[in-house]
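Accompanying notes for the structure given below.
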Amino acid sequence: MTDLREAVARRFSGAHGGRALAWVSVGLRSPAAWLTLLGLLLYLPGLGGYPLRGWDEAIYATATRYALERGDYLFPHLYWLASNGEIVYEPFLEKPPLSMWLMTLSMGVFGVTEFAARLPQALAATAVAPVLYLGTRSLLGQRRAAIAGGLWLTTTFVATGNNAARFGGTDALHTLSGTVFVLTVWRLVSVFEPSEQSEGLSRPHHRPRVAFWAVGAAAGITLLIKGFAAGSFVIAVLPLAFVHWRVFVRHWRATLELIGITLSIAVPWVLLASLRYGETLVDELIREQVLARATGDIAGAGSETTFAFMRFPYFRELPAQFDPWVYFLLPAVIWSIWCGAYRGDDRRVTTDGWLLWWGVSTVGIFVLTGNHGWYLLPAFVPGALLVAGLFDDGLTGQLGALAGTAAGTALLLLYSFRLAGISPVASVKPAIPVTDGVPFVVLTVLGTVAVCLYGAYTHNDSVLTAPAAAQGVLNSRWSRVLLGLVLVVGGVAIVGMPANTAGASYNEQGAFALAVNEQLDPGESVYLTPTATEQLALFTFGFYIDAPLATIPETPPDDGYLVAIEPAVDRVTPPTVAGGAEAVVAVAIKLPDGRVLIAYDLGAVNPSP
């Protein structure tokens with residue numbers, strides 16, 4: 001009996017061990033797995049190693065913290081500085097709450113930390129890459145889809161920008177759900193009304209109702225993350241809907257279900273918020289966040305714009321944001337036009353023309369209405385797909401694509417901020433820790449040479465022919481594993497060290513709040529002077545401080561702490577509190593500009609002289 005049990009155990013473990021090895025083997029050969037690994041390596045290390053920025057991640061993180069502590073889950077609340085100068089605890093209605101709900105889940109699992117606040121965004125930015133691959137491989141080919149995912153992950157702004165992968169905001173989540181929506185619509189119309197663009201490529205499984213449901217779910221989720229900003233994705237799919245309108249008419253019941261699913265996800269919270277807060281919701285969600293931005297009442301950096309009609313200097317910012325791949329974008333577009341005009345590749349013109357519309361329409365909308373750089377984050381998805389087409393054709397040995405790759409490399413080495421100090425025409429390098437200088441030149445040259453040589457070897461008319469043994473290695477099962485490793489290492493090398501998106505002032509303010517926490521007794525409040533409320537990052541401070549916040553009343557209270565910003569260390573004068581005594585300095589931190597951030601203990605007082 002013992003021998004029989006041992007034999008069964010060996011067989012069971014062997015079978016399951018073999019299955020596990022098979023899964024690992026399949027995973028190692030899957031571009032989606034390598035893209036996911038690359039994203040996690042780029043975005044997770046050091047994710048919680050710097051304090052929250054005052055705008056916007058501290059807003060969402062602080063509202064999430066209060067939701068966990070006070071139960072305000074449905075309508076997250078914050079301490080706001082009201083128009084009369086008073087600090088009030090009010091609901092945050094400027095954005096729908098789904099991103100904060102995901103942040104609440106993260107903090108519930110990992111604790112109230114910077115890492116937990118940023119994790120949903122980091123995972124969303126990572127997920128865009130495998131979604132790009134899985135959503136376009138049957139339409140564009142596996143290699144182009146995989147390259148596009150890698151380009152997205154290594155785009156400078158995705159890895160280092162505000163409201164991007166390493167920032168606790170909404171825009172990476174918004175980009176993920178919007179990309180799912182757009183790609184699902186594209187696959188849907190390609191399946192149910194086949195055209196030349198899908199000729200010769202594998203097609204998704206034919207499940208009409210499920211496909212329509214997926215579009216509706218993605219649309220509803222996108223609306224629940226960022227509200228009216230989801231309209232940019234609707235504009236992106238308008239050409240598809242116009243050309244393939246018969247698909248939606250023919251499946252009119254499924255189309256109605258699509259609309260119903262979208263509304264059932266996005267509308268209930270709006271209705272509940274409207275019933276509870278009425279005109280306040282309209283003011284914050286629509287008048288302020290949509291109309292005021294569109295008309296320029298919320299102009300942000302408008303005075304620095306390239307043209308008067310802009311709200312933000314997008315044209316100047318875009319090269320640094322989409323670096324290093326932006327320099328290959330023009331050659332990619334020219335190559336696509338060449339393929340259509342001179343080679344008769346109508347499928348390429350149709351596909352790349354629509355991708356160009358997706359990118360240009362997104363940029364165009366926010367050039368007119370947006371006032372922040374991160375609004376262009378969704379445009380980097382079609383940009384990556386366009387550039388990936390150039391690289392993909394170069395790898396198949398098409399000489400025009402190889403020439404375009406070489407031209408893009410020349411532009412990159414001339415104008416990229418990574419070459420500041422080397423190229424006389426390079427733009428000024430922003431304060432982000434990405435690979436630059438000579439190491440980046442070496443990486444760029446090696447990558448370009450590798451693409452050109454690989455393409456030359458695989459080109460039928462080339463004088464370069466790969467030896468039979470080399471061809472066997474390139475076509476082997478484990479060559480994909482080696483290629484995956486090269487892409488992961490190269491991607492990490494391009495991005496460089498993990499980015500710290502917080503400035504020195506946020507470091508000081510976070511440390512200050514934690515120091516005050518050590519002094520607080522249960523039930524004590526923290527009061528802010530008018531100067532402190534104007535110049536302190538209120539939301540960052542609110543995330544770290546373990547006490548209710550309020551403005552200092554006319555009559556100083558007998559306990560709690562008063563936070564002020566003093567001009568210098570030698571000019572600190574403790575305020576007089578009840579009884580004619582002076583408050584005691586509890587915590588003082590010197591700010592980078594020489595001023596002092598200080599907390600006075602109003603409960604521990606010295607006798608008046």
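Values in this document were obtained by computation on a predicted structure and should not be read as measured data.
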Please report the C-alpha distance between F212 and V247 in whole Å, then the side-chain angles of each, then the deciding distance to 0.1 Å, and finally whether the side chain to side chain contact (heavy atoms under 4.5 Å, CB included) criterion is met.
CA-CA 11 Å; F212 280 86; V247 172; 4.1 Å; yes
Verdict with reasoning, V441 to V445, per side chain to side chain contact (heavy atoms under 4.5 Å, CB included):
CA-CA 6 Å; V441 173; V445 172; 4.2 Å; yes
Tell me whether the centres of the aromatic rings in H372 and Y314 are closer together than 6.0 Å.
no
Between S361 and A236 (side chain of the first, backbone of the second, donor and acceptor by atom type, cut-off under 3.5 Å), is there such a pair?
no
Test side-chain hydrogen bond (donor to acceptor under 3.5 Å, both in side chains) on S99 and T170 and set out the steps.
CA-CA 6 Å; S99 59; T170 62; 5.5 Å; no
Is a side-chain donor or acceptor of S416 paired with a backbone partner of L413 at a separation under 3.5 angstrom?
no
Hey, can you tell me if F328 and F391 have their rings parallel, tilted or perpendicular (30° and 60° cut-offs)?
perpendicular
Distance from T405 atom OG1 to L395 atom CG, nearest 0.5 Å?
8.0 Å
CD1 of I147 to CH2 of W325: how many Å apart, nearest 0.5 Å?
10.0 Å
Test your reading of the model: is there a side-chain donor-acceptor pair from W374 to the backbone of F157, 3.5 Å cut-off?
no
Any donor-acceptor pair under 3.5 Å from W357 side chain to I235 backbone
yes
Could you tell me whether the side chain of T113 and the main chain of A116 form a donor-acceptor pair under 3.5 Å?
yes
Indicate yes or no: does R348 engage D393 in a salt bridge with an N to O separation below 4.0 Å.
yes
On a heavy-atom basis, which atom in A219 and which in T262 lie closest, and how many Å separate them?
CB-OG1, 3.6 Å
Roughly how far apart are L176 CG and T222 OG1, rounded to 0.5 Å?
8.5 Å
Evaluation steps, side chain to side chain contact (heavy atoms under 4.5 Å, CB included), between W335 and L330:
CA-CA 8 Å; W335 171 244; L330 180 59; over 6 Å; no
Please give me the minimum heavy-atom distance between V215 and V185, naming the atom from each residue.
CG1-CG2, 3.7 Å
Close aromatic pair by centroid cut-off 6.0 Å: F181 and F233
no
Would you compute the distance between atom OG1 of T179 and atom CH2 of W152 and round it to the nearest 0.5 angstrom?
6.5 Å
Student check: side-chain heavy atoms of L140 and T351 closer than 4.5 Å:
yes
Using a 4.5 Å cut-off on heavy atoms from C-beta on, say whether the side chain of P96 contacts that of K226.
no
Side chains of V189 and F248 in contact at under 4.5 Å (non-hydrogen atoms)
yes
Inter-residue atom distance M100.CE - I225.CD1, 0.5 Å rounding
11.0 Å
For L386 and R144, work out which heavy atoms get closest and say how close.
CA-NH2, 4.0 Å
E57 (side chain) donor-acceptor with R53 (main chain) under 3.5 angstrom:
yes
Just by distance, do the side chain of W101 and the backbone of Y73 share a donor-acceptor pair under 3.5 Å?
yes
Minimum side-chain heavy-atom gap T156-Q321 below 4.5 Å
no
Show the nearest heavy-atom pair for residues G108 and L68, with the distance to one decimal.
N-CD1, 4.3 Å
Could you tell me if the side chain of Y60 sits less than 4.5 Å from the side chain of K95, heavy atoms only?
yes
If you count the non-hydrogen atoms of other residues, nucleotides and ligands that lie under 6.0 Å from CH2 in W354, is the total more than 12?
yes
Shortest non-hydrogen contact between G496 and T435, atoms and distance
CA-OG1, 3.5 Å
Please say whether the positively charged group of R118, taken as NZ for Lys or CZ for Arg, lies over the ring of Y50, i.e. under 6.0 angstrom from the six-membered ring centre and within 45 degrees of the axis.
yes
Considering only heavy atoms from C-beta outward, does the side chain of Q121 approach that of L102 to under 4.5 Å?
no
How long is the span from the CG atom in L224 to the CD1 atom in I265, to the nearest 0.5 Å?
8.0 Å
Count the heavy atoms belonging to other residues, nucleotides or ligands that lie under 6.0 Å from OH of Y415, then report whether that count exceeds 12.
no
With distance as the sole test, does S264 use its side chain to make a donor-acceptor pair with the main-chain N or O of I261 at under 3.5 Å?
yes
With under 30° as parallel and over 60° as perpendicular, where do the rings of F115 and F110 fit, or are they tilted in between?
perpendicular
Please determine if R166 forms a cation-pi arrangement with Y43, meaning its NZ or CZ atom is less than 6.0 Å from the six-membered ring centre and no more than 45° off the ring axis.
no
Would you please test D352 and V333 for side chain to side chain contact (heavy atoms under 4.5 Å, CB included) and show each step?
CA-CA 8 Å; D352 287 3; V333 172; over 6 Å; no
Side-chain donor/acceptor of R143 to backbone N/O of A388, under 3.5 Å:
no
How close do R347 and L139 get, heavy atom to heavy atom, and via which atoms?
NH1-O, 4.3 Å
Just so I know, are the side chains of T444 and T409 near enough to count as touching, which here means a heavy-atom distance under 4.5 Å?
yes
Are P239 and W358 close enough that some pair of their side-chain heavy atoms sits under 4.5 Å apart?
no
